S.K.: 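Have a look at this one.
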Amino acid sequence: IPESGHKYYLQFSTEDYRTGEDAGNCLATVLYPKKKSPPAVSIKCSHTKDQEEIQEEDNRIYQRIRHQSKPITGNNIPDSYGNIEPALEPVWALAVAGSSSIMWEKSTETLGYFLAQVKSVRQWIREDDFTEFDYTVLLHEMPTQEIISCHMRLTWLPGHPLKVKHFCASESHGLDEASGAESGSAAGPSAEKGANF
(Lines give C-alpha, C1' and ligand atoms only; values in the text may rest on other atoms or scores of the structure.)
Protein backbone atom coordinates (compact mmCIF):
# COMPACT_ATOMS: atom_id res chain seq x y z
CA ILE A 1 0.00 0.00 0.00
CA PRO A 2 1.79 3.18 -1.16
CA GLU A 3 2.91 5.46 1.70
CA SER A 4 1.60 2.97 4.31
CA GLY A 5 3.49 -0.31 4.11
CA HIS A 6 2.88 -3.95 3.17
CA LYS A 7 -0.39 -5.70 3.95
CA TYR A 8 -0.66 -9.49 4.16
CA TYR A 9 -3.75 -11.70 4.11
CA LEU A 10 -3.32 -14.97 5.98
CA GLN A 11 -5.32 -18.13 6.48
CA PHE A 12 -3.93 -20.62 9.00
CA SER A 13 -4.82 -23.36 11.44
CA THR A 14 -3.93 -23.36 15.14
CA GLU A 15 -3.19 -26.10 17.62
CA ASP A 16 -3.06 -26.45 21.39
CA TYR A 17 0.63 -25.94 22.21
CA ARG A 18 0.53 -28.65 24.93
CA THR A 19 -1.53 -31.42 23.34
CA GLY A 20 -1.07 -30.64 19.65
CA GLU A 21 -4.87 -30.91 19.19
CA ASP A 22 -6.54 -28.82 16.51
CA ALA A 23 -7.65 -25.53 18.09
CA GLY A 24 -9.37 -23.91 15.10
CA ASN A 25 -8.78 -21.89 11.94
CA CYS A 26 -8.05 -18.19 11.55
CA LEU A 27 -8.20 -15.46 8.91
CA ALA A 28 -5.99 -12.43 9.48
CA THR A 29 -4.72 -9.27 7.88
CA VAL A 30 -1.36 -7.87 8.95
CA LEU A 31 -0.13 -4.41 7.97
CA TYR A 32 3.57 -3.72 8.52
CA PRO A 33 3.85 0.08 8.54
CA LYS A 34 6.79 1.77 6.79
CA LYS A 35 7.65 3.54 10.05
CA LYS A 36 9.10 1.34 12.81
CA SER A 37 6.09 0.31 14.89
CA PRO A 38 4.26 -2.92 15.71
CA PRO A 39 2.15 -4.42 12.92
CA ALA A 40 -1.57 -3.66 12.79
CA VAL A 41 -3.32 -7.02 13.12
CA SER A 42 -6.95 -7.92 12.51
CA ILE A 43 -7.84 -11.54 13.20
CA LYS A 44 -10.93 -13.75 13.28
CA CYS A 45 -10.79 -17.34 14.45
CA SER A 46 -13.20 -20.25 14.65
CA HIS A 47 -12.38 -22.27 17.78
CA THR A 48 -12.85 -26.01 18.22
CA LYS A 49 -12.87 -25.54 22.01
CA ASP A 50 -15.75 -23.54 23.41
CA GLN A 51 -15.20 -20.66 25.83
CA GLU A 52 -16.40 -22.75 28.78
CA GLU A 53 -13.70 -25.38 28.11
CA ILE A 54 -11.04 -22.65 27.86
CA GLN A 55 -12.19 -21.06 31.14
CA GLU A 56 -12.14 -24.45 32.88
CA GLU A 57 -8.58 -25.04 31.68
CA ASP A 58 -7.54 -21.53 32.84
CA ASN A 59 -9.11 -22.21 36.25
CA ARG A 60 -7.27 -25.55 36.56
CA ILE A 61 -3.92 -23.81 35.87
CA TYR A 62 -4.82 -20.99 38.27
CA GLN A 63 -5.78 -23.40 41.09
CA ARG A 64 -2.51 -25.31 40.66
CA ILE A 65 -0.59 -22.04 41.05
CA ARG A 66 -2.66 -20.81 44.02
CA HIS A 67 -2.40 -24.07 45.96
CA GLN A 68 1.40 -24.20 46.10
CA SER A 69 2.68 -24.28 49.68
CA LYS A 70 5.43 -21.73 48.87
CA PRO A 71 6.14 -19.29 46.01
CA ILE A 72 7.07 -21.01 42.75
CA THR A 73 10.66 -20.60 41.53
CA GLY A 74 12.40 -22.38 38.69
CA ASN A 75 15.32 -22.28 36.28
CA ASN A 76 16.03 -23.59 32.79
CA ILE A 77 12.50 -24.55 31.68
CA PRO A 78 12.57 -26.76 29.66
CA ASP A 79 15.86 -28.37 30.70
CA SER A 80 18.61 -29.26 28.21
CA TYR A 81 16.74 -32.50 27.36
CA GLY A 82 13.48 -30.66 26.58
CA ASN A 83 11.74 -31.81 29.78
CA ILE A 84 9.46 -29.67 31.95
CA GLU A 85 8.77 -30.73 35.54
CA PRO A 86 5.00 -31.24 35.98
CA ALA A 87 4.95 -28.71 38.86
CA LEU A 88 6.37 -26.06 36.52
CA GLU A 89 3.93 -26.62 33.63
CA PRO A 90 1.60 -23.77 34.75
CA VAL A 91 4.45 -21.22 34.81
CA TRP A 92 5.62 -22.46 31.40
CA ALA A 93 2.07 -21.99 30.05
CA LEU A 94 2.04 -18.40 31.35
CA ALA A 95 5.52 -17.78 29.87
CA VAL A 96 4.29 -18.93 26.45
CA ALA A 97 1.30 -16.57 26.65
CA GLY A 98 3.26 -13.63 28.08
CA SER A 99 6.24 -13.87 25.73
CA SER A 100 3.87 -13.90 22.73
CA SER A 101 3.10 -10.22 23.44
CA ILE A 102 6.86 -9.45 23.43
CA MET A 103 7.31 -11.36 20.17
CA TRP A 104 4.36 -9.52 18.61
CA GLU A 105 5.85 -6.16 19.60
CA LYS A 106 9.40 -6.97 18.39
CA SER A 107 8.56 -8.83 15.17
CA THR A 108 9.04 -7.15 11.81
CA GLU A 109 8.63 -8.31 8.22
CA THR A 110 12.19 -9.66 8.32
CA LEU A 111 12.54 -10.76 11.97
CA GLY A 112 10.56 -13.31 13.93
CA TYR A 113 10.90 -14.83 17.41
CA PHE A 114 10.30 -18.11 19.25
CA LEU A 115 10.36 -18.74 23.00
CA ALA A 116 13.47 -20.87 23.50
CA GLN A 117 13.62 -21.18 27.29
CA VAL A 118 12.60 -19.71 30.62
CA LYS A 119 15.98 -19.04 32.26
CA SER A 120 14.38 -18.18 35.59
CA VAL A 121 10.97 -17.57 37.14
CA ARG A 122 9.94 -16.30 40.55
CA GLN A 123 6.42 -15.91 41.91
CA TRP A 124 5.46 -12.82 43.93
CA ILE A 125 2.95 -13.27 46.73
CA ARG A 126 0.08 -10.80 46.47
CA GLU A 127 -2.71 -9.95 48.85
CA ASP A 128 -5.34 -9.93 46.07
CA ASP A 129 -6.39 -12.85 43.86
CA PHE A 130 -4.00 -12.08 40.98
CA THR A 131 -0.89 -14.17 40.35
CA GLU A 132 2.35 -12.35 39.58
CA PHE A 133 5.68 -13.64 38.25
CA ASP A 134 9.08 -12.30 37.26
CA TYR A 135 10.62 -14.15 34.32
CA THR A 136 13.85 -14.07 32.41
CA VAL A 137 13.05 -15.59 29.02
CA LEU A 138 15.29 -16.35 26.05
CA LEU A 139 13.83 -15.61 22.62
CA HIS A 140 15.31 -17.15 19.49
CA GLU A 141 15.48 -14.50 16.76
CA MET A 142 15.00 -15.66 13.17
CA PRO A 143 16.76 -15.58 10.74
CA THR A 144 19.73 -14.08 12.68
CA GLN A 145 19.84 -17.06 15.11
CA GLU A 146 20.54 -14.59 17.94
CA ILE A 147 19.28 -15.37 21.44
CA ILE A 148 17.61 -12.34 23.04
CA SER A 149 17.24 -12.16 26.83
CA CYS A 150 14.09 -10.44 28.12
CA HIS A 151 12.90 -9.66 31.62
CA MET A 152 9.12 -10.04 31.91
CA ARG A 153 6.75 -9.15 34.78
CA LEU A 154 3.47 -10.98 34.29
CA THR A 155 0.18 -10.53 36.19
CA TRP A 156 -2.84 -12.79 35.63
CA LEU A 157 -6.26 -13.74 36.95
CA PRO A 158 -8.64 -15.97 34.96
CA GLY A 159 -11.27 -13.89 33.18
CA HIS A 160 -8.94 -10.86 33.00
CA PRO A 161 -6.42 -9.94 30.28
CA LEU A 162 -2.86 -11.04 30.91
CA LYS A 163 -0.72 -7.99 31.81
CA VAL A 164 2.91 -8.04 30.68
CA LYS A 165 5.70 -5.51 31.21
CA HIS A 166 9.11 -6.25 29.73
CA PHE A 167 12.51 -5.10 28.63
CA CYS A 168 14.92 -6.95 26.37
CA ALA A 169 18.66 -6.74 25.78
CA SER A 170 21.00 -8.33 23.27
CA GLU A 171 24.74 -8.06 22.77
CA SER A 172 24.58 -6.56 19.28
CA HIS A 173 21.60 -4.27 19.83
CA GLY A 174 22.47 -3.02 23.35
CA LEU A 175 19.49 -2.30 25.56
CA ASP A 176 16.24 -2.30 23.61
CA GLU A 177 13.38 -0.02 24.50
CA ALA A 178 11.23 -1.21 27.37
CA SER A 179 7.53 -1.72 27.05
CA GLY A 180 4.78 -0.40 29.20
CA ALA A 181 1.95 -2.45 30.62
CA GLU A 182 0.97 -4.72 27.77
CA SER A 183 -2.39 -6.43 27.92
CA GLY A 184 -3.11 -9.46 25.81
CA SER A 185 -5.84 -12.01 25.39
CA ALA A 186 -6.88 -14.75 23.03
CA ALA A 187 -8.55 -12.02 20.96
CA GLY A 188 -5.18 -10.38 20.30
CA PRO A 189 -2.79 -7.94 21.89
CA SER A 190 -3.83 -4.43 22.82
CA ALA A 191 -1.73 -1.33 22.39
CA GLU A 192 -2.31 -0.13 25.97
CA LYS A 193 0.89 1.42 27.34
CA GLY A 194 1.95 2.39 30.81
CA ALA A 195 5.05 3.48 32.69
CA ASN A 196 8.37 1.71 32.16
CA PHE A 197 9.75 -0.37 35.00
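Only heavy atoms go into these numbers, but all of them, side chains included; no hydrogens, no water, no symmetry mates. Quick caveat, the model's predicted, so the values are computed rather than measured.
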S.K.: Is V30 linked to L27 within one hydrophobic cluster, defined over Ile, Leu, Val, Met, Phe, Trp and Tyr using a side-chain heavy-atom separation of less than 4.5 Å?
M.R.: no
S.K.: On a heavy-atom basis, which atom in T14 and which in C26 lie closest, and how many Å separate them?
M.R.: CG2-SG, 3.9 Å
S.K.: When you group the ILVMFWY residues by side-chain heavy-atom contacts below 4.5 Å and let the links chain together, are I148 and V96 in the same group?
M.R.: yes
S.K.: Main chain of W104, side chain of S107: is a donor-acceptor contact present, judged purely on distance under 3.5 Å?
M.R.: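 Looks like no, no N/O pair under 3.5 Å.
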S.K.: Using every non-hydrogen atom in the two residues, find where M103 and L115 come nearest and quote the distance to one decimal.
M.R.: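 That would be SD-N, 3.9 Å.
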S.K.: Could you tell me whether a side-chain N or O of T136 sits under 3.5 Å from a main-chain N or O of S120, the two making a donor and an acceptor?
M.R.: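 Pair absent, no side-chain N/O of T136 close to backbone of S120.
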S.K.: Of the non-hydrogen atoms in F133 and V91, which two are nearest, and what is the gap between them?
M.R.: CE2-CG1, 3.4 Å
S.K.: Does R64 offer a backbone N or O that forms a donor-acceptor pair with the side chain of Q68 under 3.5 Å?
M.R.: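 Yes, Q68 side chain to R64 backbone: donor-acceptor pair under 3.5 Å.
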S.K.: Given 3.5 Å as the limit, does a donor-acceptor pair link the side chain of T131 with the main chain of W156, or not?
M.R.: yes
S.K.: Spell out, yes or no, whether L111 and I102 are grouped together once hydrophobic residues are joined by side-chain heavy atoms under 4.5 Å, including indirect joins.
M.R.: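 Linked within one cluster.
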S.K.: Which heavy atom of D58 sits nearest to which heavy atom of P158, and what is that distance?
M.R.: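 In this case the closest contact between D58 and P158 is O-CG, 4.1 Å.
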S.K.: Any chain of hydrophobic side-chain contacts (each under 4.5 Å) joining V164 to W124?
M.R.: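 Different clusters.
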S.K.: Test your reading of the model: is there a side-chain donor-acceptor pair from Q117 to the backbone of P78, 3.5 Å cut-off?
M.R.: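 Answer holds: yes.
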S.K.: As an exercise, state the distance from CG of L94 to OG1 of T155, rounded to the nearest 0.5 Å.
M.R.: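 Taking CG in L94 and OG1 in T155, the distance rounds to 10.5 Å.
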S.K.: Mind checking whether H6 and Y32 have ring centres under 6.0 Å apart?
M.R.: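 So the answer is no for these two rings.
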